[in-house]
Amino acid sequence: MKDTVSTRVKLSIFAVGLLSFTGILIETSMNVTFPTLTKELNVSLGTVQWLTTGYLLLTTIVMSTTAYILKKFDPLKIFIFAASLCLIGSIICMMAPNFPVLMAGRLLQAIATGLSTPLMFNLIFEEVPPAKLGLYTGLAGVVISLAPALGPTYGGIINRMWSWREIFVGVIPLIIVLFIIRQLSIRGKAFGTKGISFDYFSVIGLAIIFSMILFTFDQAGTHGFTSSQFLLWIVVSIVVVLIFAWYNSQSKRQLIDFSILKLPVLRLRLFSYFSLQFINIGLSFVLPIFAQTALHLNSAEAGLMLLPGSLLGAVMGPFAGYLYDKKGPTLPLVISGILITVGSGLFLIKSESLTLMSITLIYLILRIGFNFGFGTSLSDGSRQVQGAKKSDQNSLFSMMQQYAGSLGTNVLSVVISAAALTSGSNNSVVNTISGTKVDFIILTILSVLVLGSILYVHFKYQKNE
């Protein structure tokens with residue numbers, strides 16, 4: 001019975017997974033409320049998008065610390081702390097009188113998600129037998145891939161029927177239920193941090209790098225991609241990254257063991273994992289904005305158009321994990337690469353004639369492709385390392401997956417802003433269509449690169465396995 005998973009383990013994974021789901025659901029629910037928030041809180045779209053970008057940035061920074069935190073603290077303590085912050089943050093957001101208070105509540109929720117997502121995968125990697133790893137990683141992938149797509153539907157309906165504040169009211173009962181489940185299921189002891197010193201400088205360094213990259217792209221949105229400000233900050237960002245790389249190679253302290261990136265298969269699986277989430281979160285931001293601005297749909301319609309793809313994609317995640325357990329990584333990953341390339345390409349080809357129905361159908365194709373590759377990339381990446389380094393791999397993948405969402409939202413929104421600068425027009429419909437077309441070009445190129453990396457790994461490293 002070594003390949004069975006106990007009910008307690010299933011419940012523990014479910015509890016932590018639902019906490020992650022809640023955090024991500026709120027994050028993407030807010031995207032469809034941006035036009036409303038700009039009016040109610042009297043802030044610009046560039047400011048209000050930091051509710052997503054800032055949230056994802058802090059989540060990324062917190063995730064960078066989890067390789068250490070998961071070794072230092074018991075799983076139950078981490079979960080209680082994360083769930084408490086999510087509850088407090090939801091209450092603050094629900095009652096927020098202005099943008100700064102709303103942002104503060106979102107940042108508390110960011111810390112909660114930054115802890116809960118790596119904890120979920122750590123429970124899977126530690127307590128699920130290898131023969132079931134693909135299936136359970138696929139199920140976990142559903143949690144963090146279904147929530148971004150359900151978010152616009154949930155947020156759109158709530159915002160249309162009541163107000164954006166009720167988005168936070170709706171998740172409070174879920175969090176309370178989680179406190180009950182965790183008492184019955186979450187067990188385990190921390191491995192300990194003997195001989196390991198926490199690297200505070202690396203946390204600060206990663207925070208600076210991640211923030212600087214986002215700030216660099218903000219310069220493009222404000223001044224254009226050919227501006228001296230944008231080019232200058234690219235150079236500064238490269239210099240800071242090189243300094244961080246040098247420090248990390250010399251330091252005796254440890255945040256994440258970046259030496260695992262020397263493993264070529266792990267490195268390329270991380271690229272696929274990052275790129276898929278970039279596409280996923282980026283589209284969950286761009287498509288509702290496009291639908292409301294260019295197609296003049298309301299927030300509920302803009303959210304509902306993503307629902308069919310979300311649901312069908314969710315069904316495909318566990319099936320892709322089962323396929324990985326039985327057949328290996330190549331088949332589900334190739335299916336993923338082909339479908340996301342076809343989906344992105346169709347969005348590009350149809351960019352100037354998209355309708356509610358065509359967006360729904362193309363998104364359906366892309367979401368199936370996403371779910372075939374997302375969990376599989378993580379599962380195959382985890383198999384490249386053993387022992388204590390699994391927590392480093394888990395933290396690294398979680399951190400980069402989260403930053404992919406932050407960068408995807410930032411870059412794709414900046415491209416739309418830059419389109420207005422290039423055209424010199426105040427016509428928001430024309431600028432949105434023009435900017436969105438460039439976004440689709442970026443996503444199509446990225447999809448082709450993902451497919452290429454999958455084929456390269458197969459023929460170079462796994463063909464004879």
Subject >> Any T59 side-chain heavy atom under 4.5 Å of Y55 side chain >> reply: yes
Original post:
Do you know which two heavy atoms are closest between F230 and T216, and how far apart they sit?
Top reply: CD1-O, 3.2 Å
**OP:** Show your reasoning for whether side chain to side chain contact (heavy atoms under 4.5 Å, CB included) applies to T436 and F347.
**Re:** CA-CA 9 Å; T436 303; F347 272 128; over 6 Å; no
**OP:** Kindly indicate, with the supporting measurements, whether the criterion side chain to side chain contact (heavy atoms under 4.5 Å, CB included) is fulfilled by S90 and T22.
**Re:** CA-CA 10 Å; S90 296; T22 301; 5.9 Å; no
Original post:
If you round to the nearest 0.5 Å, how far is CG of L333 from CD1 of I338?
Top reply: 11.0 Å
**OP:** Please answer whether the main-chain N or O of Q109 pairs with a side-chain N or O of T113 as donor and acceptor at a distance below 3.5 Å.
**Re:** yes
Subject >> Where N371 and G313 come nearest, the two heavy atoms and their spacing >> reply: CG-O, 3.0 Å
Subject >> Nearest heavy atoms of A82 and L19, plus distance in Å >> reply: CB-CD2, 3.9 Å
Subject >> Gap between atom CD1 of I289 and atom OG of S413 - 0.5 Å precision >> reply: 9.0 Å
Original post:
Judged by atom type as modelled, is there a donor-acceptor pair below 3.5 Å linking the side chain of Y403 to the main-chain atoms of F210?
Top reply: yes
Original post:
Given side chains that start at C-beta, do those of L270 and L261 come closer than 4.5 Å, heavy atoms only?
Top reply: yes
Subject >> Result of checking L311, I359, L312 against L364 for side-chain contact (heavy atoms from CB on, under 4.5 Å) >> reply: L312
Original post:
Going by heavy atoms in the side chains, are P100 and M103 under 4.5 Å from each other?
Top reply: no
Subject >> Smallest separation among heavy atoms of R165 and M94, with atom names >> reply: NH1-O, 3.1 Å
Original post:
Hey, does the side chain of S453 reach the backbone of V450 with a donor-acceptor pair shorter than 3.5 angstrom?
Top reply: yes
**OP:** Go through the side-chain N and O atoms of S377 and S272 and say whether any donor and acceptor fall under 3.5 Å apart.
**Re:** no
**OP:** Would you confirm whether R367, through its side chain, and P308, through its main-chain N or O, come within 3.5 Å as a donor-acceptor pair?
**Re:** no
Subject >> Contact check, side chains of R383 and P329, non-hydrogen atoms, under 4.5 Å >> reply: no
**OP:** Ignoring hydrogens and angles, tell me if any N or O in the side chain of S336 forms a donor-acceptor pair with the backbone of F370 under 3.5 Å.
**Re:** no
**OP:** First locate atom CG of L446, then atom CZ of F274, and finally report the distance between them rounded to the nearest 0.5 Å.
**Re:** 8.0 Å
Original post:
Between CD1 of I204 and CD1 of I209, what distance do you get to the nearest 0.5 Å?
Top reply: 12.0 Å
Original post:
Listed by chain and number, what are the side-chain contact (heavy atoms from CB on, under 4.5 Å) partners of F319, not counting sequence neighbours?
Top reply: F372
**OP:** Answer yes or no: is there a side-chain heavy-atom contact under 4.5 Å between I61 and L206?
**Re:** no
Original post:
Got N410 and V414 here, is their nearest side-chain heavy-atom distance under 4.5 Å?
Top reply: yes
Original post:
Can you check whether Q393 reaches L378 side chain to side chain, under 4.5 Å on heavy atoms?
Top reply: yes
Subject >> Any L102 side-chain heavy atom under 4.5 Å of F168 side chain >> reply: yes
**OP:** Check whether more than 12 heavy atoms from other residues, nucleotides or ligands sit under 6.0 Å from atom CZ of F271, and answer yes or no.
**Re:** yes
Subject >> Nearest non-hydrogen partners of S344 and L443, listed with the distance >> reply: OG-O, 3.7 Å
Original post:
Taking D439 for the side chain and I442 for the main chain, is one N or O donor matched with an acceptor at less than 3.5 Å?
Top reply: no
Original post:
With no hydrogens and no angle check, is any side-chain donor or acceptor of Q384 less than 3.5 Å from a backbone partner on D380?
Top reply: yes
**OP:** Look at the side chain of T117 and the backbone N and O of G114, then say whether any donor-acceptor pair between them is shorter than 3.5 Å.
**Re:** no
Original post:
Got a second to check how far I454's CD1 is from L331's CG, nearest 0.5 Å?
Top reply: 11.0 Å
Subject >> Test side chain to side chain contact (heavy atoms under 4.5 Å, CB included) applied to L455 and H458, step by step >> reply: CA-CA 5 Å; L455 295 174; H458 173 67; 5.7 Å; no
**OP:** Might you point out which heavy atoms bring P288 and L306 nearest each other, and give the distance in Å?
**Re:** CG-CD1, 4.2 Å
Subject >> Spacing of L268 atom CG and K460 atom NZ [to the nearest 0.5 Å] >> reply: 11.5 Å
**OP:** Under the side chain to side chain contact (heavy atoms under 4.5 Å, CB included) rule, what do V457 and R269 come out as? Steps first, then yes or no, please.
**Re:** CA-CA 9 Å; V457 169; R269 294 301 186 233; 3.4 Å; yes
